[in-house]
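Sequence lines set the chain letters: A, B, ... in the order given, protein chains first and strands last, and positions in each chain run from 1. If you're wondering where the values come from, they're calculated on a predicted model, not measured in any experiment.
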2 protein chains.
Amino acid sequence: MKIGMAGLGVMGHSVAENLIRHGFDMVLYDIRPEAMTDLVEAGAEAVDSLEALGSAADTVLLMVNTYDQYKSVLAGILKTMHAGTLINLGTLGRDHVLELEKQAEEAGVSMLDCPVSGGSRGAKAGTLTVMASGPDELFEKHKKILDAFGSRVIHVGKNVGDGQAVKAINQLLVGVHMCATAEAFTVARKCGLDLQTVYDTICSSAGMSRIFENRGEFLIARDFSTRSTLEIQLKDTDIACKTADAVGAPALLGTTARELFKLAVKKYPPRDDSLEVVRLYEELAGLD
Amino acid sequence: MKIGMAGLGVMGHSVAENLIRHGFDMVLYDIRPEAMTDLVEAGAEAVDSLEALGSAADTVLLMVNTYDQYKSVLAGILKTMHAGTLINLGTLGRDHVLELEKQAEEAGVSMLDCPVSGGSRGAKAGTLTVMASGPDELFEKHKKILDAFGSRVIHVGKNVGDGQAVKAINQLLVGVHMCATAEAFTVARKCGLDLQTVYDTICSSAGMSRIFENRGEFLIARDFSTRSTLEIQLKDTDIACKTADAVGAPALLGTTARELFKLAVKKYPPRDDSLEVVRLYEELAGLD
């Protein structure tokens with residue numbers, strides 16, 4: 001079985017690396033040929049068009065950013081792919097992934113929806129959480145592929161789109177917790193407290209979140225090296241709010257977080273680390 | 001050394017139990033004599049006035065609810081207590097505890113500010129987190145008392161009020177995370193997802209918070225037995241927002257959570273479990 005992959009950005013590149021390491025026969029396509037050089041050295045085949053990818057692979061993994069990118073990638077691949085399975089790894093929202101599934105089905109191609117959590121570090125280490133959804137037999141058939149880059153591969157639902165919904169809920173919480181962490185640290189600074197003590201106390205108290213625990217350390221060190229960008233955080237929080245809206249659920253905190261990321265993307269470089277949302281709080285509080 | 005305690009509600013009663021179990025010589029006062037019956041059987045002495053408590057004890061622990069209660073308790077105790085230390089265990093806000101410290105100092109009594117986290121279960125088990133603040137020597141002198149009911153006794157600052165500030169930051173996060181958990185579960189229900197799967201996935205993903213992990217299980221089981229009340233959650237979130245406001249820090253998410261608890265306290269019985277804030281979300285989403 002030949003595994004194709006389209007979209008070799010930071011996350012996709014690491015996923016492909018893990019698949020090659022696990023012995024999968026890989027064929028790759030990316031709009032930037034240089035993104036594939038080292039993967040070809042590691043044993044993968046590179047092709048120069050989506051059509052070539054579609055005709056070479058039995059299963060194709062997709063990991064691009066925007067819905068527009070997904071649409072054009074699918075249009076290319078489905079010109080030559082008329083059987084097999086597409087596995088989406090990206091976060092693009094329930095409605096959008098259902099739209100892609102429809103197009104795939106019309107071409108005779110099945111689909112698994114498998115958004116991931118764990119960021120670039122999880123992708124590199126092969127320890128992503130994979131929120132897989134789709135029919136049982138399709139999931140079972142492809143589980144080994146997912147196991148190559150995920151340490152927690154969870155079959156979250158039988159319908160394509162369930163994976164997106166669970167991911168959206170996770171991102172709703174991530175966005176809210178990121179802003180709450182910024183809010184908490186700004187209060188702590190203005191109260192003149194020792195930040196390390198506040199951090200240690202909260203990490204062992206009811207107020208702890210995984211984002212607070214993880215990003216709090218960077219806030220103390222004023223380390224804003226990019227782990228996830230403001231623009232991707234905005235995209236994901238926006239998808240979360242739209243998911244809530246589409247099913248008629250209120251997103252009072254989610255939308256507040258989204259507006260904060262929207263502001264931050266306008267004021268600061270969009271590819272800066274998402275933690276820079278704290279700068280909005282600091283400006284409002286009159287801190288440097 | 002004789003240890004006094006005023007305020008034997010659910011939390012205070014468990015703290016006193018742990019102190020008696022650790023061999024401390026205790027003298028107690030509560031406005032409800034029946035709250036002390038079993039503690040007297042366990043070896044404590046009960047007195048029938050705050051004045052009697054103030055003259056009998058070298059150190060007095062305070063654990064009442066409102067600032068008004070604190071003021072009247074202090075007025076009674078300080079009639080007869082002119083040396084020793086008051087240890088506050090309650091959450092009442094930085095400004096208020098500084099006001100109490102001033103009154104204590106005028107009477108020749110020193111003060112430690114030691115709000116706790118961990119709820120009624122932590123109090124019963126003697127595993128509270130104690131956010132102690134005050135001068136080094138005063139903290140060291142009384143640490144053994146705090147160790148009797150706290151498993152994490154942290155000296156968070158040298159100033160009375162620092163403990164309140166750290167607790168307020170913790171409560172800001174708790175309030176926001178409680179509403180975020182309600183928001184997330186409501187989206188999950190409206191999306192028709194399996195709640196246990198969503199819970200398990202998020203608990204192993206970046207969206208996890210200690211409140212989500214702890215309260216999510218009760219939401220799945222629809223278990224609304226009282227662990228912390230809506231009115232206490234409102235009080236604590238309000239203190240958190242006022243703390244932020246007093247130092248000029250924005251509390252965008254905190255105030256949203258406060259308004260939600262304020263609404264919930266108006267609509268539902270105020271002594272219901274704080275998790276019932278989810279009912280606001282469910283009503284807005286048209287769920288039962």
Is any side-chain heavy atom of [Y] closer than 4.5 Å to one of [X]?
X	Y	value
B:L173	A:S209	no
A:L193	B:V166	yes
B:S205	A:M131	yes
B:M208	A:E213	no
B:D200	A:I154	no
B:T197	A:D162	no
A:I169	B:I202	yes

With a 4.5 angstrom heavy-atom cut-off, is it the side chain or the backbone of [X] that approaches chain A, or both, or neither?
X	result
B:R189	neither
B:S117	side chain
B:L260	side chain
B:D194	neither

### Task
Say whether, by atom type as modelled, one donor and one acceptor occur between the side chain of A:R152 and the main chain of B:T201 under 3.5 angstrom.
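No, the answer is negative, given that no donor and acceptor are paired below the 3.5 Å cut-off.
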### Heavy-atom donor-acceptor pair, A:R210 side chain to B:C203 backbone, under 3.5 Å
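Flag set: sc A:R210 to bb B:C203 pair under 3.5 Å.
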For [X], is it the side chain, the backbone, both, or neither that has a heavy atom closer than 4.5 Å to a heavy atom of chain B?
X	result
A:T129	side chain
A:F212	side chain
A:L172	side chain

Could you report the tightest heavy-atom contact between [X] and [Y], atom names first, then the distance?
X	Y	value
A:L253	B:C179	CD1-CB, 3.5 Å
A:V247	B:C191	CG1-SG, 3.9 Å
A:T186	B:P250	CG2-CD, 4.4 Å

Counting heavy-atom pairs under 4.5 Å to chain A, which of [options] comes out on top?
options	answer
B:N159, B:V174, B:T181	B:V174
B:A165, B:A180, B:A206	B:A206
B:M178, B:K167, B:K190, B:E183	B:E183
B:S204, B:A249, B:A244	B:S204

### Query
For the atom pair NE2 (B:H177) and CD1 (A:I211), what is the distance rounded to the nearest 0.5 Å?
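The NE2 atom of B:H177 sits 9.5 Å away from the CD1 atom of A:I211.
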